[in-house]
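Note: hydrogens, waters and symmetry copies are ignored here, and every other heavy atom, side chains too, is used.
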Amino acid sequence: MTDVEVCKEQTSPIWVKSVYFEQPLKAVSSYYYGDQIQLVYSNLINRLALWIKSKIEKDNQVMISISGATSSGKSTLAVWIIKELCSLFGWPFDFKDIYIYEPKDLAKKLERKCTNKINWFDEGSVSLDSLSTTSKVGKLFNNFFNTMRLRHFITIICCPDDEELSKRIMKHADLYIECPSKSPLPPQFKFGARGFFYVSFRIRYGSGKVWDQRIGTGVYKKLPKKLKDEYEAIKSLHNTDFEDVFIKGVLNE
């Protein structure tokens, strides 16, 4: 993000109506983006979850792309969005039913017939590279990925600032969320350099640019220790499995 300057802190929240949400947003701070003032909403995650829920209930699928540099808070934000969605839908929150690292994770989820319809590709660069392979597994995964609409899945993809990968994702995404490397907000609205994100919807009218309109800027908190430990455990497990397969593959060559 460039040309950012923090505005004078608001003394009290401002409730703002939006054409994108049925219920108002709660603005708690603001900042300049160039010469434009941008409001910061404390309940944007909830409003996004409600919007996603309404789309799913209309027999659609929703794909969310969360982009940002390493350690910009993509995974933390994804967990908060997933927690909110699970609460709204009444789905159980269990990382093993949500966290997708490679095709076999998705296969296991389908075999268990999980009620939770959220697929979180935390390491999007790894998962999506499987889609481009010529292997049988890659082709099967690609076909399934392209038919998620029929299953009314919610797909959340966290991916690095990779131009080629982003282009592939943006062809399908409904929401684009960016986590900047450094937050311009006052300390009470962030933790460290994190805790700040902004959202764009896919639009099909206007200037013709698909992602030319920023819908809102939101804030989020650190993960509680227990939740963070659970996330780190399943992430470590997947990374260890991947390393074992990789090492065996190299040694067998």
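Taking the ring axis of Y99 as reference, the NZ or CZ atom of K235 does not stay both within 45° of it and closer than 6.0 Å to the ring centre. A cation-pi contact, defined as under 6.0 Å to the ring centre and within 45° of the axis, is absent between K117 and F89. A cation-pi geometry, defined here as NZ or CZ lying under 6.0 Å from the six-membered ring centre and within 45° of its normal, holds between K109 and F153.
For the residue pair I66 and I81, the shortest heavy atom distance occurs at CD1-CD1, 4.3 Å. Scanning both residues, I37 and S30, for their nearest heavy atoms gives CG2-CB, 4.0 Å. Between I100 and D105, the shortest heavy-atom contact is C-OD2, 3.9 Å. Residues C158 and W120 share a closest heavy-atom pair of SG-NE1, 3.4 Å. The shortest non-hydrogen separation linking P92 to N116 is O-ND2, 3.0 Å. Contact between G216 and Y41 at its shortest, heavy atoms only, is CA-CE1, 4.0 Å.
Between the side chain of K222 and the main chain of K190, no donor-acceptor pair closer than 3.5 Å is present. Using a distance-only test at 3.5 Å, with no hydrogens or angles considered, no donor-acceptor pair links the side chain of S236 to the main chain of A233. With K74 contributing its side chain and G68 its backbone, the two residues share a donor-acceptor pair below 3.5 Å. Judged by distance alone, with hydrogens and angles left aside, the side-chain atoms of S72 form a donor-acceptor pair with the main-chain N or O of A69 at under 3.5 Å. Formation of a donor-acceptor pair under 3.5 Å by the R47 side chain with backbone atoms of L25 is not found in this model.
L88 and I45 are assigned to two separate hydrophobic clusters, defined by single-linkage of ILVMFWY side chains at heavy-atom distances under 4.5 Å. Following chains of ILVMFWY side-chain contacts shorter than 4.5 Å, one cannot reach V62 starting from L50, and the two form parts of different hydrophobic clusters. Under a hydrophobic-cluster definition in which Ile, Leu, Val, Met, Phe, Trp and Tyr are linked whenever side-chain heavy atoms come within less than 4.5 Å, directly or via other members, W15 and V19 are assigned to different clusters.
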- request: Apply the test side chain to side chain contact (heavy atoms under 4.5 Å, CB included) to residues Y220 and R194: give CA-CA distance (whole Å), side-chain angles for both, the deciding distance (0.1 Å), then the verdict.
  value: CA-CA 8 Å; Y220 59 97; R194 304 184 187 183; 4.2 Å; yes
message: Working note: I156 + I118, criterion side chain to side chain contact (heavy atoms under 4.5 Å, CB included); need CA distance, chi angles, decisive distance, verdict.
response: CA-CA 7 Å; I156 300 175; I118 301 171; 4.2 Å; yes
Chi angles and distances behind the side chain to side chain contact (heavy atoms under 4.5 Å, CB included) call for F189, V28: CA-CA 9 Å; F189 295 114; V28 293; 3.5 Å; yes
message: Under the criterion side chain to side chain contact (heavy atoms under 4.5 Å, CB included), I'd like the reasoning laid out for F93 against K83: C-alpha separation, chi angles, the key distance, then a yes or no.
response: CA-CA 7 Å; F93 179 89; K83 289 281 287 182; 3.6 Å; yes
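The distance from atom CG of L223 to atom CD of E232, rounded to the nearest 0.5 Å, is 9.0 Å. To the nearest 0.5 angstrom, K96 atom NZ is 11.0 Å from E230 atom CD. Note that CG of L39 is 11.5 Å distant from CG of L44, once rounded to the nearest 0.5 Å. Here Q61 contributes atom CD and T155 contributes atom OG1; the two are 5.5 Å apart, rounded to the nearest 0.5 Å. Between the OG atom in S200 and the CG atom in D174 there is a gap of 13.0 Å [rounded to 0.5 Å]. Here CD1 of I52 is found 6.0 Å from CD1 of I154. Values are rounded to the nearest 0.5 Å.
Aromatic ring centres of Y20 and F201: separated by under 6.0 Å.
Looking at K225 and D229, a side-chain N of the basic residue comes within less than 4.0 Å of a carboxylate O on the acidic one, giving a salt bridge.
F196 is not listed as a side-chain neighbour of C179, based on a closest heavy-atom distance of 4.5 Å or more. In this structure, the side chains of V16 and P24 stay at 4.5 Å or more apart for every pair of heavy atoms. Residues Y101 and I234 are not in side-chain contact: their nearest non-hydrogen atoms beyond the backbone lie 4.5 Å or more apart. Side chains of V219 and F197 form no contact here, defined as non-hydrogen atoms less than 4.5 Å apart.
Scanning for ring-ring contact (aromatic ring centres under 6.0 Å, His included) contacts around W80 gives an empty result, with sequence neighbours left out.
Side-chain contact of T217 with Y31: a donor-acceptor pair under 3.5 Å is present, judged by distance alone.
Counting heavy atoms of neighbouring residues, nucleotides and ligands inside a 6.0 Å radius, atom CD of E57 exceeds 12 of them.
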